[in-house]
Amino acid sequence: MTAPLDPRGGGVDLNIWLGRDAETDHDDPAFARLAGALVRVQEVVSGARPPPGLSTEAATTLGRVADQLEPYDVDEAAQVAGRQFRHFSRGQTLLPAVAVDTYDGQRVDGRVTFGRFYLGSNGAVHGGAISLLFDDLLGQVANGPDAPRARTAYLHVNFHRITPIGVELSCHAGIRTVEGRKVHIDGELCHGEEVVASAEGLFVRLEAHQL
Ligand SMILES: CCCCCCCCCCCCCCCC(=O)SCCNC(=O)CCNC(=O)[C@H](O)C(C)(C)COP(=O)(O)OP(=O)(O)OC[C@H]1O[C@@H](n2cnc3c(N)ncnc32)[C@H](O)[C@@H]1OP(=O)(O)O
């Protein structure tokens, strides 16, 4: 693995896929910056109540940006969104940004702060966003370096407590068992010592014809 790149102080690479699938021809720092700017827009828009004139002006500006980018549409193989392995969330603007602290091939420990974009209501993170976090985190462990590629067969999420937005949480995922093609992985999301959500996922390793 390469040197840590986490500006928030994580101990290992930002993305545990970096060692396996760096896909250097997709590495695009300028695009990663664009994705980061979009994440900021998502966050700010989610929490803003601007005057109507400003909303109209901002909508026009964003429409202009979309018009500029639209001609550069590519197919999935050429897509760079989701493949920026040296950047938070891989340039996939849907994903909450996880800072990975430790990863040993079986287990990952990291930190995540859900911003306003992920608000469900009443200060609580949307349950779908928590499920998204688990699918991606457990999925990365299932698809670790040297492992065959696997897909989520099921993901069971328990919401034990309200998960607060704007607070740094710790997140964890580890392989429980591997039985043939079936990889069972457990995950936890914690606020301090308290487990606010937990997950249990089955990831099935793909056969050659499924890749
Ligand atoms: C653009 C950028 C790209 C960048 C790239 C890098 C990204 C790097 C990050 C990766 C992190 C993201 C990770 C997200 C991961 C997903 O979110 S993947 C998307 C969501 N999942 C899907 O779309 C999967 C859809 N389902 C399927 O494709 C198929 O059902 C599966 C899961 C492949 C299994 O089908 P199959 O291969 O035909 O398996 P099958 O023979 O039926 O079953 C095998 C065994 O599993 C069991 N099983 C299968 N399904 C189930 C079930 N639902 N419940 C219980 N048991 C089951 C069977 O009973 C069987 O058990 P045994 O009899 O062997 O004991």
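Remember, it's 1-based here, ligands and their atoms both numbered in the order they're listed.
Nearest-heavy-atom check against atom 64 (O) of ligand 1 across Glu179, Arg151, Lys182, Arg205 picks out Lys182. Nearest to atom 17 (O) of ligand 1 by heavy-atom distance, out of Val80, Val183, Asp135, is Asp135. Here the shortest heavy-atom distance to atom 15 (C) of ligand 1, taken over Leu137, Leu95, Thr152, belongs to Thr152.
Each of the following atoms of ligand 1 lies closer than 4.0 Å to a heavy atom of Leu202: 48 (N), 51 (C), 55 (C), 56 (N), 57 (C). Heavy-atom proximity to Gly139, at under 4.0 Å, picks out these atoms of ligand 1: 11 (C), 13 (C). Residue Leu206 has at least one heavy-atom neighbour below 4.0 Å for each of these atoms of ligand 1: 33 (C). Which parts of ligand 1 touch Asp136 is read off a 4.0 Å heavy-atom cut-off, strictly below it: atoms 11 (C), 12 (C). For ligand 1, the atoms lying closer than 4.0 Å to a non-hydrogen atom of Arg149 are 5 (C). Close approach to Tyr154 involves these atoms of ligand 1, each under 4.0 Å from a residue heavy atom: 52 (C), 54 (N), 55 (C).
Considering backbone and side-chain N/O atoms, Gln140 never comes within less than 3.5 Å of an N/O atom of ligand 1. Taking distance alone, with nitrogen or oxygen atoms compared against 3.5 Å, Glu76 stays at or beyond that limit from ligand 1.
The part of Gln210 lying near ligand 1 is the side chain, judged by heavy-atom distances below 4.0 Å. With a 4.0 Å cut-off on non-hydrogen atoms, Arg181 touches ligand 1 through its side chain and not its backbone. If you look at Gln84 next to ligand 1, there are no close heavy atoms at all, none under 4.0 Å. Contacts with ligand 1 closer than 4.0 Å are made by side-chain heavy atoms of Arg90 only, the backbone lying farther away. Counting heavy atoms under 4.0 Å from ligand 1, residue Val204 touches it through the side chain alone.
No donor-acceptor distance shorter than 3.5 angstrom exists from the side chain of Thr163 to the backbone of Val125, with no hydrogens or angles considered. Using a distance-only test at 3.5 Å, with no hydrogens or angles considered, no donor-acceptor pair links the side chain of His26 to the main chain of Ala81. When atom types are taken as modelled, the side chain of Asn143 and the backbone of Ala150 share a donor-acceptor pair closer than 3.5 angstrom. Under the 3.5 Å distance criterion, the side-chain polar atoms of Gln79 are left unmatched by any main-chain donor or acceptor of Val74.
Residues in residues 202-211 take part in these salt bridge (Lys or Arg N to Asp or Glu O under 4.0 Å) pairs, two or more places apart or across chains: Arg181-Glu207.
Under the 4.5 Å side-chain criterion, counting only non-hydrogen atoms from C-beta, Pro96 is not in contact with Ile130. Asp27 places a side-chain heavy atom less than 4.5 Å from the side chain of Gln84. You'll find the side chain of Leu34 reaches within 4.5 Å of the side chain of Leu69, heavy atoms only.
Interatomic distance, OG1 of Thr177 versus CG of Leu202, reported as 8.5 Å (0.5 Å rounding).
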Would you give me the side-chain donor-acceptor pairs under 3.5 Å for residues 52-67, sequence neighbours excluded?
unit_1 : atom_1 : unit_2 : atom_2 : d
Thr56  : OG1    : Pro52  : O      : 2.9
Thr60  : OG1    : Thr56  : O      : 2.9
Thr61  : OG1    : Glu57  : O      : 3.0

